[in-house]
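These numbers come from the heavy atoms of this one structure, side chains and all, not from hydrogens, waters or symmetry mates.
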Amino acid sequence: MRTFEEAGRGISVTDPATGETCGEAPDMRPDELDAVIGRAHRAWPGWRADAAARTHALLGAAGAVEAAGDELARLLTREQGKPLAESHAEVARTAARLRYFADLAPRTRRIGDGRPVRSEVRWRPVGPVAAIVPWNFPLQLAAAKFAPALAAGNTMVLKPSPYTPLATRLLGSVLATALPEDVLTVVTGREPLGARLASHPGIRHVTFTGSVPTGRAVAEGAAASLTRVTLELGGNDAAVLLDDVDVEGIADRLFWAAFRNCGQVCMAVKRVYAPARLHAEVVEALARRAKSVAVGGGLDPETRIGPVNNAPQLARVAELTGRALAEGARAAAGGHRLEGPGHFFAPTILTDVPPDSAVVTEEQFGPVLPVLPYGSVDEAVDAANGTGFGLGGSVWGTDPDRAEAVADRLECGTAWINHHAELSLAQPFAGIKDSGVGVAGGPWGLYGNLRPFVVHRPEGP
């Protein structure tokens with residue numbers, strides 16, 4: 001693969017806190033993928049052959065990531081915008097995921113059906129995997145894809161977003177100190193590089209995180225080679241507050257469930273349904289926090305909320321908010337872009353929002369949160385389930401059993417009680433409806449990178 005300097009082509013990366021260029025990455029041509037994927041195929045037999053060596057290499061990779069943690073975190077903050085503490089947490093999660101999957105192995109299962117035949121289900125890696133990662137959690141989402149794929153014995157070609165390629169390239173260099181050559185390759189470039197990677201006949205599994213329209217295009221491209229896909233396509237998670245909720249007691253948790261990483265989290269709370277009699281209290285509690293939180297560049301230790309990552313996303317957040325205000329909504333806090341350089345939007349709490357406003361029915365993916373009143377729990381559940389998304393949801397109240405009974409009615413892959421968007425490395429993560437296809441996380445993420453292989457032999461001679 002030619003480097004940026006050799007090819008004379010590159011991607012300029014913008015620091016979203018300043019609007020200035022903070023680095024460059026290679027802009028690979030789609031036709032250059034053939035050689036990269038060819039090398040991944042040649043590296044595959046040796047990598048899949050020795051499970052003990054894989055474990056050792058992945059544990060070494062985790063240590064290398066931790067050793068480079070400060071450099072990775074600062075570069076991640078510069079190109080993504082998130083507060084430095086959140087970048088350090090993302091690096092730590094990357095190393096933890098490598099350790100978790102290094103110690104996970106598929107289990108051979110014997111099937112007994114009464115016949116004099118011994119049948120065993122064994123597991124084999126699928127081959128080179130393509131991973132396409134968005135810009136909100138570049139390292140953490142990359143690790144969510146490469147850790148199980150590599151642990152299963154596959155090789156991988158990883159493509160980060162053109163908005164955040166720098167930290168991922170550095171991560172690739174760090175991992176290369178522990179992994180065999182060509183087991184993991186990071187490629188960067190503008191479209192149609194991702195489309196070519198997803199549709200390449202040498203790829204056996206495509207794992208993608210991003211928007212619904214792009215996910216559909218990835219699935220269509222992979223279908224030409226009958227390549228399996230895992231698609232995590234975002235969400236529009238609802239938080240349903242019950243009439244016994246302690247508003248002030250849950251306000252901090254609810255606020256940060258919506259505004260962590262400037263609201264750029266697929267499983268963030270993106271709409272709140274509050275009982276009509278508590279609606280004003282909920283709006284006031286959230287607005288107070290939105291008005292007082294420190295917004296600024298992620299390298300400033302006082303910052304709690306950074307910028308929106310890129311100009312197109314900032315424009316979308318502003319457009320959805322402006323449209324809602326024009327439709328009659330009121331901004332109890334924020335509602336506007338902040339003056340000065342960078343991609344900053346004021347943390348926004350919207351009230352009096354029409355239920356069919358796009359800021360409610362679509363994924364805004366920014367620091368904007370509509371709060372809507374409801375009359376009955378049935379009405380709230382119907383509204384929570386009333387979009388095409390089904391990633392996560394939560395129910396908040398002082399009676400956990402009652403809250404869980406309501407959560408059981410939510411149409412989503414994960415439901416939380418009195419908290420939101422917290423995941424264990426050992427649990428499955430999947431959405432329904434437009435939120436995706438396939439499962440990530442835990443043993444399910446490992447098996448998603450394997451295929452069953454069945455061996456039959458007679459019990460006798």
Side-chain angles (χ1 to χ4, degrees), residues 58 90 92-109 121 123-126 129-134 136-137 139-154 156 204-210 212 215 218-219 222 228-239 257 265-270 363 384-385 388-395 403-404 407-452:
L58 293 173
E90 184 166 343
R93 186 81 165 181
T94 298
R97 205 177 293 271
L98 280 162
R99 284 204 170 86
Y100 172 81
F101 282 102
D103 290 333
L104 207 60
R107 296 182 178 179
T108 297
R109 178 182 176 186
V121 180
W123 295 91
R124 288 182 168 179
V126 296
V129 177
I132 302 174
V133 179
N136 58 331
F137 288 93
L139 306 187
Q140 186 169 315
L141 290 175
K145 299 179 186 306
F146 66 65
L150 299 184
N154 304 295
M156 173 168 281
R204 305 286 177 81
H205 177 201
V206 180
T207 172
F208 168 84
T209 300
V212 173
V218 166
R228 71 166 68 177
V229 295
T230 301
L231 308 174
E232 195 272 276
L233 305 181
N236 190 2
D237 290 13
V265 182
C266 59
M267 56 181 173
V269 170
K270 297 190 175 75
E363 182 182 28
N385 293 337
F389 293 96
L391 192 60
S394 56
V395 181
E404 185 173 347
D408 196 49
R409 299 169 60 189
L410 298 180
E411 296 174 354
C412 56
T414 304
W416 293 271
I417 310 300
N418 289 330
H419 64 136
H420 197 107
E422 296 179 23
L423 294 175
S424 160
L425 295 176
Q427 75 184 67
F429 182 61
I432 63 172
K433 300 191 285 188
D434 285 350
S435 285
V437 175
V439 183
W444 299 268
L446 180 73
Y447 283 98
N449 288 280
L450 295 161
R451 58 180 177 84

Exercise. Is there side-chain contact between F389 and K270, with at least one heavy-atom pair below 4.5 Å?
Worked result: no
Exercise. Below 4.5 Å, heavy atoms only, C-beta onward: do L410 and N385 meet side chain to side chain?
Worked result: yes
For this session: Ignoring hydrogens and angles, tell me if any N or O in the side chain of N449 forms a donor-acceptor pair with the backbone of A151 under 3.5 Å.
Result: no
Exercise. Taking only residues two or more places apart in sequence, or in another chain, which ones meet R204 in a side-chain hydrogen bond (donor to acceptor under 3.5 Å, both in side chains)?
Worked result: none
Problem set entry | Closest contact, heavy atoms only, A430 versus G438 | CB-O, 3.4 Å
Seminar exercise, completed: When every non-hydrogen atom of L233 is compared with those of G436, the smallest separation belongs to CG-CA, 4.1 Å
For this session: Please report the closest heavy-atom contact between V269 and S394, naming both atoms and the distance.
Result: CG2-OG, 4.4 Å
Problem set entry | Pairs involving residues 423-443, ordered by first then second residue, that meet salt bridge (Lys or Arg N to Asp or Glu O under 4.0 Å) (sequence neighbours left out) | R216-D434, E411-K433
Exercise. Do F146 and V129 have side-chain heavy atoms sitting under 4.5 Å apart?
Worked result: no
Exercise. Judged by atom type as modelled, is there a donor-acceptor pair below 3.5 Å linking the side chain of S435 to the main-chain atoms of G234?
Worked result: yes
Exercise. Looking at residues at least two apart in the chain, or sitting in another chain, which of them share a side-chain hydrogen bond (donor to acceptor under 3.5 Å, both in side chains) with E404?
Worked result: none
Exercise. Is any side-chain heavy atom of V126 closer than 4.5 Å to a side-chain heavy atom of R228?
Worked result: yes
For this session: Might you point out which heavy atoms bring L446 and P148 nearest each other, and give the distance in Å?
Result: CD1-O, 3.7 Å
Exercise. Does E363 reach the main-chain N or O of G235 with its side chain, forming a donor-acceptor pair under 3.5 Å?
Worked result: yes
For this session: Examine distances only and state if a side-chain atom of T230 and a backbone atom of T207 form a donor-acceptor pair shorter than 3.5 Å.
Result: no
Problem set entry | Pair D237-H420, side-chain donor/acceptor within less than 3.5 Å | yes
Seminar exercise, completed: Hits for side-chain hydrogen bond (donor to acceptor under 3.5 Å, both in side chains) against T209, two or more places apart or cross-chain, chain-then-number order -> K145
Problem set entry | Residue pair P125 / A152: nearest heavy atoms and the distance that separates them | CB-O, 3.3 Å
For this session: Using salt bridge (charged side-chain N to carboxylate O under 4.0 Å, His left out) as the criterion, list what pairs up with R99, not counting sequence neighbours.
Result: E66
For this session: First locate atom CG of L391, then atom CG of N236, and finally report the distance between them rounded to the nearest 0.5 Å.
Result: 10.0 Å
For this session: Could I get the full list of salt bridge (charged side-chain N to carboxylate O under 4.0 Å, His left out) partners for E232, not counting sequence neighbours?
Result: none
Exercise. CG/L98 to CG/D103 distance, rounded to the nearest 0.5 angstrom?
Worked result: 11.0 Å
Exercise. If you take all heavy atoms of A407 and I417, which pair is closest and at what distance?
Worked result: CB-CD1, 3.5 Å
For this session: Indicate yes or no for a side-chain donor-acceptor contact from W123 to the backbone of Y447 under 3.5 Å, with no hydrogens or angles considered.
Result: no
For this session: Would you indicate whether the side-chain heavy atoms of L425 and R93 approach each other to under 4.5 Å?
Result: yes
Problem set entry | 4.5 Å side-chain heavy-atom contact, L423 and W416 | yes
